[in-house]
Amino acid sequence: MRKVYALLITVAVFIPLAIIIMTLVSIRPWVLDRNFYKQLLDDDRLYEGQLTYGLSDAFKQDLFTAEELPTQALNAALPEVVTAAYLHTQTLTAIDTAFDFVDGRRSDIVLTFDITPIKLALGGTAGSRFAQSLAASLPDCTAGQIPVASGGHLTRCIDAEGSVAAAEQITAALPALIDTMPDHIIIGDGVNFGMDWFRYERFVVGGIGSVLDVGILSITMMALLAGLVGAYVGGTDLRARLKWGSSSLFAPGSLILFTGLILTTTPIMTAIGNSITSNRYSGAYREALIGVLAQVIQRVSAGFVITGGIACMIALGLLVMSLVTPSGEEANAKVVQVPVRNS
């Protein structure tokens with residue numbers, strides 16, 4: 001019955017806790033490192049792809065809502081005033097904002113786009129190029145459709161006057177449009193956690209990183225206690241308990257090690273590449289997305305291999321210790337009683 005109790009403790013408590021610990025320890029060195037994410041997203045192909053595939057919808061919602069511009073036309077015109085370098089800069093700013101919260105420097109996460117460079121570009125020579133590209137990509141007006149939407153400023157479709165007149169109208173209307181644009185737009189909804197890390201600086205130094213470290217330490221202590229109890233209940237002597245502890249640790253350690261080894265195998269990487277298949281993505285943009293995922297997986301894989309390997313080595317060490325430790329029966333057998341004769 002002792003074995004059953006020990007098995008329940010090991011399988012239901014120790015192994016899950018050990019897997020959680022090894023996973024957290026594996027990702028801890030990089031998951032809260034802002035420089036890792038800056039390097040991860042330091043690929044101009046990502047931002048050039050965004051200019052083509054996903055940027056216009058976001059900007060249309062916040063900057064061109066009243067204009068009712070066709071998405072295809074806006075896609076063609078935005079690169080004249082929104083560059084890959086601009087998107088790269090805004091991404092780095094967003095990363096710094098998020099990690100200022102992670103590091104305990106602020107109590108909220110409000111990610112924003114600085115629209116000032118776009119407004120300046122629209123007001124300069126790039127504005128003329130924007131107008132010409134937009135006008136060249138606009139469709140013809142449908143029956144009963146007016147060129148400028150109600151409440152808007154820019155031509156949204158081509159009437160009988162043609163695209164040249166549309167480009168001139170757009171250029172002339174840009175200053176009025178710029179006046180309606182905000183200096184910043186919020187990406188999604190800002191999140192305020194109502195938490196000021198500086199109030200707890202005596203207890204938490206380093207923000208979320210310190211909280212994570214404390215959590216890892218706490219779970220480690222619980223796992224260690226569960227492992228000791230399981231080994232004590234499962235074994236009848238020191239040798240048996242060392243063997244039990246070895247096998248208990250080897251199970252999660254080998255699982256983490258095996259997972260780390262297979263993550264970077266060809267079938268897995270091929271599956272990742274196949275998961276990003278879309279005819280609307282260019283080859284360069286697709287390669288950039290695959291590169292981002294590959295770097296993350298490689299980091300996870302390396303951490304799993306190191307952590308799982310260390311756990312397996314510790315398990316092997318416990319096994320070796322058990323082999324050189326005499327069992328209870330062997331220890332008792334060495335005790336020889338010698339009768340004493342009285343002379």
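A quick note: this is a predicted structure, and the numbers were derived from the prediction, not measured. We number each residue from 1, following the sequence as shown.
Screening residues 147-173 for salt bridge (charged side-chain N to carboxylate O under 4.0 Å, His left out), with sequence neighbours left out, gives E68-R156. The ring-ring contact (aromatic ring centres under 6.0 Å, His included) contacts involving residues 72-94 comprise Y47-H88, where partners must be two or more places apart or lie in separate chains. Sorted by first and then second residue, the side chain to side chain donor-acceptor pair (under 3.5 Å) pairs involving residues 295-324 (not counting sequence neighbours) are S26-T307.
Annotation: side chain of T220 is not in contact with side chain of L17 (no heavy-atom distance under 4.5 Å). Put simply, the side chain of I19 does not reach to within 4.5 Å of the side chain of F14, judged on heavy atoms. The side-chain heavy atoms of Q90 and D114, taken from C-beta on, include a pair separated by under 4.5 Å.
Both L87 and I118 are assigned to one and the same hydrophobic cluster, defined by single-linkage of ILVMFWY side chains at heavy-atom distances under 4.5 Å. No single ILVMFWY cluster, assembled from side-chain heavy atoms under 4.5 Å apart, contains both L92 and V110. In this structure, V305 is not a member of the same hydrophobic cluster as V296, with clusters built from ILVMFWY side-chain heavy atoms closer than 4.5 Å. Hydrophobic clustering places L46 together with F113 (ILVMFWY residues linked when any side-chain heavy atoms are closer than 4.5 Å, directly or through intermediates). Follow the hydrophobic side-chain contacts under 4.5 Å out from V233 and you never reach L238; the two are in separate clusters.
R28 is linked by a side chain to side chain donor-acceptor pair (under 3.5 Å) to D213, counting only residues two or more places apart in sequence or in another chain.
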Inset, instruction - Give the C-alpha distance, both sets of side-chain angles, the deciding distance and a yes or no for side-chain contact (heavy atoms from CB on, under 4.5 Å) between L63 and I185. - result: CA-CA 9 Å; L63 300 181; I185 59 174; 4.0 Å; yes

Legend entry - Intermediate values then yes/no, side-chain contact (heavy atoms from CB on, under 4.5 Å), C157 and L138: CA-CA 5 Å; C157 62; L138 290 174; 5.5 Å; no

Inset, instruction - Apply side chain to side chain donor-acceptor pair (under 3.5 Å) to the pair Q145 and T142, showing each step before the final yes or no. - result: CA-CA 5 Å; Q145 185 181 24; T142 59; 3.2 Å; yes

Legend entry - Test side-chain contact (heavy atoms from CB on, under 4.5 Å) applied to D183 and T116, step by step: CA-CA 5 Å; D183 291 333; T116 303; 4.2 Å; yes

Inset, instruction - Might you work through the side-chain contact (heavy atoms from CB on, under 4.5 Å) test for L111 and I109, ending with a clear yes or no? - result: CA-CA 6 Å; L111 304 181; I109 300 178; 4.0 Å; yes

Under 3.5 Å, which donor-acceptor pairs do the side chains of residues 174-182 form with other protein atoms, sequence neighbours left out?
residue, atom, partner, partner atom, Å
T180, OG1, L177, O, 2.6

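A donor-acceptor contact shorter than 3.5 Å links the side chain of S247 to the backbone of W244. Between the E80 side chain and the A126 main chain, no donor and acceptor come within less than 3.5 Å of each other. Side-chain atoms of R239 never come within 3.5 Å of backbone atoms of P326 as a donor-acceptor pair (strictly under, hydrogens ignored). A donor-acceptor pair under 3.5 Å is formed between the side chain of T265 and the backbone N or O of I262. Under the 3.5 Å distance criterion, the side-chain polar atoms of Q169 are matched with a main-chain donor or acceptor of T155. In this structure, the side chain of R2 does not engage the main chain of T236 through any donor-acceptor pair within 3.5 Å. The main-chain N or O of F99 is never found under 3.5 Å from a side-chain atom of Y37 such that the two would form a donor-acceptor pair.
Minimum heavy-atom separation, A167 to A131: O-CB, 3.7 Å. Here the closest non-hydrogen pair linking L78 and F64 is CD2-CE1, 4.2 Å. Between L249 and M22, the shortest heavy-atom contact is CD1-CE, 4.0 Å. Closest non-hydrogen pair, A284 versus R45, comes out as O-CD, 3.8 Å. Among all heavy-atom pairs drawn from R34 and I95, the shortest one is O-CG2, 4.0 Å. Of all heavy-atom pairs between G209 and L32, the closest is CA-CD1, 3.6 Å.
Here the straight-line distance linking atom CD1 of I21 with atom CD1 of I216 works out to 8.5 Å at 0.5 Å rounding. The distance from the CG atom of N35 to the CH2 atom of W30 is 14.5 Å, given to the nearest 0.5 Å. For the atom pair I268 CD1 and T259 OG1, the distance stands at 10.0 Å (nearest 0.5 Å). The distance from the OG atom of S246 to the CG atom of L316 is 7.0 Å, given to the nearest 0.5 Å. Rounded to the nearest 0.5 angstrom, I219 CD1 and L224 CG are separated by 13.5 Å. Atom CD1 of residue I170 and atom OG of residue S133 lie 10.0 Å apart, to the nearest 0.5 angstrom.
Considering T91, D96, D33 in turn, D96 is the only one that fulfils the side chain to side chain donor-acceptor pair (under 3.5 Å) rule with K38.
Residue Y232 places its OH atom among 12 or fewer non-hydrogen atoms of other residues, nucleotides or ligands, all under 6.0 Å distant. Atom CE of M269 has more than 12 neighbouring heavy atoms from other residues, nucleotides or ligands inside a 6.0 Å radius.
Ring-centre distance between F258 and F304: not below the 6.0 Å cut-off.
The hydrophobic cluster of L120 has no other members, since no ILVMFWY side-chain heavy atom comes under 4.5 Å of it.
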